[in-house]
2 protein chains.
Amino acid sequence: MIKITAQQQKVLDCIEVYIKETGFPPTRLEICNELGFKSPNAAEMHLRALEKKGVISIKSGSSRGIVLNNKIPDGYPVIGLVAAGSPTLATENIERNIQCDSSLFGSNFDYFLKVKGLSMIEAGIFEDDLVAIKKTTDVKNGDLVVARIGDEVTLKHFYRTQESIELRPANKDYSVIKINNSVSQFEIEGKGIGLLRTH
Amino acid sequence: MIKITAQQQKVLDCIEVYIKETGFPPTRLEICNELGFKSPNAAEMHLRALEKKGVISIKSGSSRGIVLNNKIPDGYPVIGLVAAGSPTLATENIERNIQCDSSLFGSNFDYFLKVKGLSMIEAGIFEDDLVAIKKTTDVKNGDLVVARIGDEVTLKHFYRTQESIELRPANKDYSVIKINNSVSQFEIEGKGIGLLRTH
DNA sequence: ATATATACTGTAATTATATACAGTATAAAT
DNA sequence: ATTTATACTGTATATAATTACAGTATATAT
């Protein structure tokens with residue numbers, strides 16, 4: 001794991017802001033002016049440290065030759081609800097990528113899950129809708145969750161009662177799944193924070 | 001209208017490609033190397049011409065101080081369904097902007113309409129959902145359309161019958177709106193090509 | 001105990017870069 | 001007919017910027 005110091009983070013932030021505002025990276029001196037350093041070598045040393053940690057690249061000999069290595073993700077993967085097995089981010093499970101902002105649904109998310117079946121239709125979630133999933137196990141009552149029971153992956157509303165955990169469909173033709181001690185291999189994969197539908 | 005010469009376009013393309021590949025703008029000499037010029041002044045003159053035409057800005061005294069003025073659009077506007085009046089793109093009607101790709105829903109669209117009411121609930125369109133609207137009058141039976149009847153703006157399914165045009169809700173508690181000769185000021189604003197929901 | 005990383009100041013040299021100036025030539029506008 | 005814009009070469013220079021070197025000091029790792 002790469003650990004960045006507070007000062008190095010300041011320098012990195014400074015570079016990002018500078019690029020965002022001007023369209024090109026800052027010089028050592030401009031970093032100094034921004035952060036109050038009195039020697040260009042202060043900026044230089046921070047840049048070297050950031051390069052060593054792989055966060056940036058420095059194109060030697062070029063003015064403003066600072067390259068940010070935090071490559072923008074080329075969209076979010078769309079994953080089908082495979083009948084058996086978890087909706088992993090393995091390449092073979094990715095149907096396509098959708099280019100959108102991480103903040104499209106307010107908070108960050110990890111992938112889109114393509115909905116199979118009609119179990120959530122009363123919640124306005126139709127077949128082939130894409131539900132934005134944030135990988136987490138921190139879920140509250142009423143949350144839309146992606147749960148795995150053995151090899152089965154399902155999208156339901158989460159409710160915790162005194163005796164058990166309930167996965168409730170939003171379709172009166174489907175029945176509630178009750179999770180108790182006899183159910184093994186139960187896991188919350190994540191929660192749905194948004195929905196995307198193409199007509 | 002700004003007219004750019006073929007050579008100036010080459011220089012502009014060169015700058016765009018260079019920025020895309022390196023993350024920072026080229027120097028005069030680097031432009032020369034890319035395009036085969038033998039004098040830095042060739043690049044300089046092209047840059048001056050491009051600046052004069054407003055396509056770029058040059059930050060005098062800064063190395064690589066070339067700024068592209070073709071600002072990326074800051075997303076798609078979210079427009080509320082105002083009870084009276086059309087959902088225009090006037091600034092006062094824009095609630096916020098959503099940053100996403102134009103191809104998020106397959107084809108291009110113009111704005112997001114924030115849904116009010118429950119008339120389309122059986123089509124999985126809930127209150128406060130955002131429907132991506134493409135401005136067009138070319139609609140087919142079954143399309144989700146934004147229609148304006150006088151001052152009233154509504155989101156419904158479009159059906160053309162022998163006698164009239166029908167705007168059908170997707171909620172049995174609502175009734176079909178029939179458009180016939182007695183209805184004045186009827187207009188199709190656009191059609192819904194996608195949906196965005198935040199949980 | 002000694003080395004290594006962090007976190008700087010201060011100075012200086014080399015190189016990278018912008019930019020001015022002097023030309024040449026052609027095409028389009030007034 | 002004369003100006004103005006385009007489209008360069010070629011040279012020169014001031015300055016912008018990288019980058020090396022010499023220090024100082026503290027914290028953390030081995």
Side-chain angles (χ1 to χ4, degrees), chain A residues 1-70, chain B residues 1-70:
Chain A
M1 192 61 194
I2 338 138
K3 41 180 177 176
I4 230 173
T5 67
Q7 280 302 87
Q8 286 163 8
Q9 186 62 54
K10 268 190 191 173
V11 173
L12 187 61
D13 289 346
C14 167
I15 296 166
E16 283 175 354
V17 167
Y18 193 99
I19 292 175
K20 202 163 191 176
E21 284 181 356
T22 67
F24 45 84
T27 64
R28 316 306 194 247
L29 221 96
E30 284 163 347
I31 294 171
C32 289
N33 290 341
E34 284 298 317
L35 300 178
F37 303 152
K38 286 176 186 166
S39 167
N41 197 43
E44 182 71 31
M45 287 301 118
H46 282 305
L47 292 176
R48 295 280 172 84
L50 286 167
E51 192 186 34
K52 206 171 180 180
K53 289 176 179 178
V55 180
I56 63 167
S57 299
I58 299 169
K59 210 183 156 193
S60 171
S62 286
S63 67
R64 306 179 185 275
I66 303 168
V67 181
L68 297 174
N69 289 342
N70 56 345
Chain B
M1 193 59 195
I2 339 138
K3 39 180 176 178
I4 229 172
T5 68
Q7 279 303 86
Q8 285 164 8
Q9 186 61 55
K10 269 190 191 174
V11 173
L12 187 61
D13 289 346
C14 168
I15 296 166
E16 281 175 357
V17 167
Y18 193 99
I19 291 174
K20 202 163 192 177
E21 284 180 355
T22 67
F24 45 83
T27 64
R28 314 305 194 248
L29 221 95
E30 284 163 347
I31 294 170
C32 290
N33 291 341
E34 283 298 316
L35 300 178
F37 303 153
K38 286 175 185 168
S39 168
N41 197 44
E44 182 70 30
M45 287 301 119
H46 282 305
L47 292 177
R48 295 278 173 84
L50 286 167
E51 191 186 33
K52 206 170 180 182
K53 289 175 179 177
V55 180
I56 64 167
S57 299
I58 299 169
K59 209 183 156 194
S60 172
S62 285
S63 66
R64 304 178 186 276
I66 303 169
V67 181
L68 297 174
N69 288 342
N70 56 346

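Residue numbers start from 1 in every chain, and the chains themselves are labelled A, B, ... in the order their sequence lines are given, proteins ahead of strands. Worth saying up front: this structure is predicted, and the values here are computed from it rather than measured.
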Contacts under 3.5 Å, N or O only, protein and nucleotides 11-15 of chain C:
none

Return the value, rounded to whole Å, for the distance between atom CZ of R64(A) and atom P of dA18(C).
9 Å
Return the polar atom pairs (N/O with N/O) between nucleotides 26-30 of chain C and the protein under 3.5 Å, or none.
none

Sequence neighbours excluded, which residues qualify as side chain to side chain donor-acceptor pair (under 3.5 Å) partners of E34(B)?
none
Under the salt bridge (Lys or Arg N to Asp or Glu O under 4.0 Å) test, residues paired with E30(A) that sit two or more places apart:
R64(A)
Contacts of type side-chain contact (heavy atoms from CB on, under 4.5 Å), residue T5(B), not counting sequence neighbours:
Q7(B), Q8(B), K53(B)
Residue pairs, two or more places apart or on separate chains, that pass ring pair (Phe, Tyr, Trp, His ring centres under 6.0 Å) and touch residues 41-60 of chain A
F37(A)-H46(A)
Any donor-acceptor N/O pair, E51(A) side chain to I58(A) backbone, under 3.5 Å
yes
Nearest heavy atoms of S39(B) and C32(B), plus distance in Å:
O-SG, 3.1 Å
Would you mind checking if K20(B) and E16(B) are paired as a salt bridge, meaning a charged N to carboxylate O distance below 4.0 Å?
no
So, do L47(A) and I31(A) sit near enough that their side-chain heavy atoms are less than 4.5 Å apart?
yes
Which residues in residues 10-34 of chain A have a heavy atom closer than 4.0 Å to any atom of DNA chain C?
none
Just how far, in rounded Å, is C1' of dG10(C) from CD of E44(A)?
15 Å
side-chain contact (heavy atoms from CB on, under 4.5 Å) between V67(A) and T22(B): does it pass, once the steps are laid out?
CA-CA 7 Å; V67(A) 181; T22(B) 67; 5.7 Å; no
S57(B): what forms a side chain to side chain donor-acceptor pair (under 3.5 Å) with it, not counting sequence neighbours?
N69(B)
Only counting residues at least two apart or in another chain, list the ones meeting side chain to side chain donor-acceptor pair (under 3.5 Å) with Q9(A).
D13(A)
Of the non-hydrogen atoms in G23(B) and P25(A), which two are nearest, and what is the gap between them?
O-CD, 4.1 Å
Degree of bending in the helix from dA1(C)-dT30(D) to dT30(C)-dA1(D) once both end axes are built from five pairs, to 10°:
30°
Testing the basics here: between I4(A) and L12(A), what is the closest heavy-atom pair and its distance to 0.1 Å?
CD1-CD2, 4.1 Å
Would you say S60(B) reaches dT19(C)'s phosphate, i.e. side-chain N/O to OP1/OP2 under 4.0 Å?
yes
What are the 5'-most and 3'-most nucleotides of DNA chain D lying under 4.0 Å from any heavy atom of chain B?
dA5(D) to dA17(D)
Residues pairing under ring pair (Phe, Tyr, Trp, His ring centres under 6.0 Å) where one sits in residues 8-31 of chain B, two or more places apart or in two chains, turn out to be none
Specify the separation, in whole Å, of atom CD of E51(A) and atom P of dA5(C).
15 Å
First locate atom CD1 of I15(B), then atom CD1 of I66(B), and finally report the distance between them rounded to the nearest 0.5 Å.
4.5 Å
What is the distance from NE2 of H46(B) to P of dT19(C), rounded to the nearest Å?
17 Å
Which residue lies toward the 5' end of DNA chain D, F37(B) or R48(A), if each is placed at its nearest nucleotide?
F37(B)
Measure the distance from NZ on K59(B) to P on dA18(C) and round it to the nearest whole Å.
13 Å
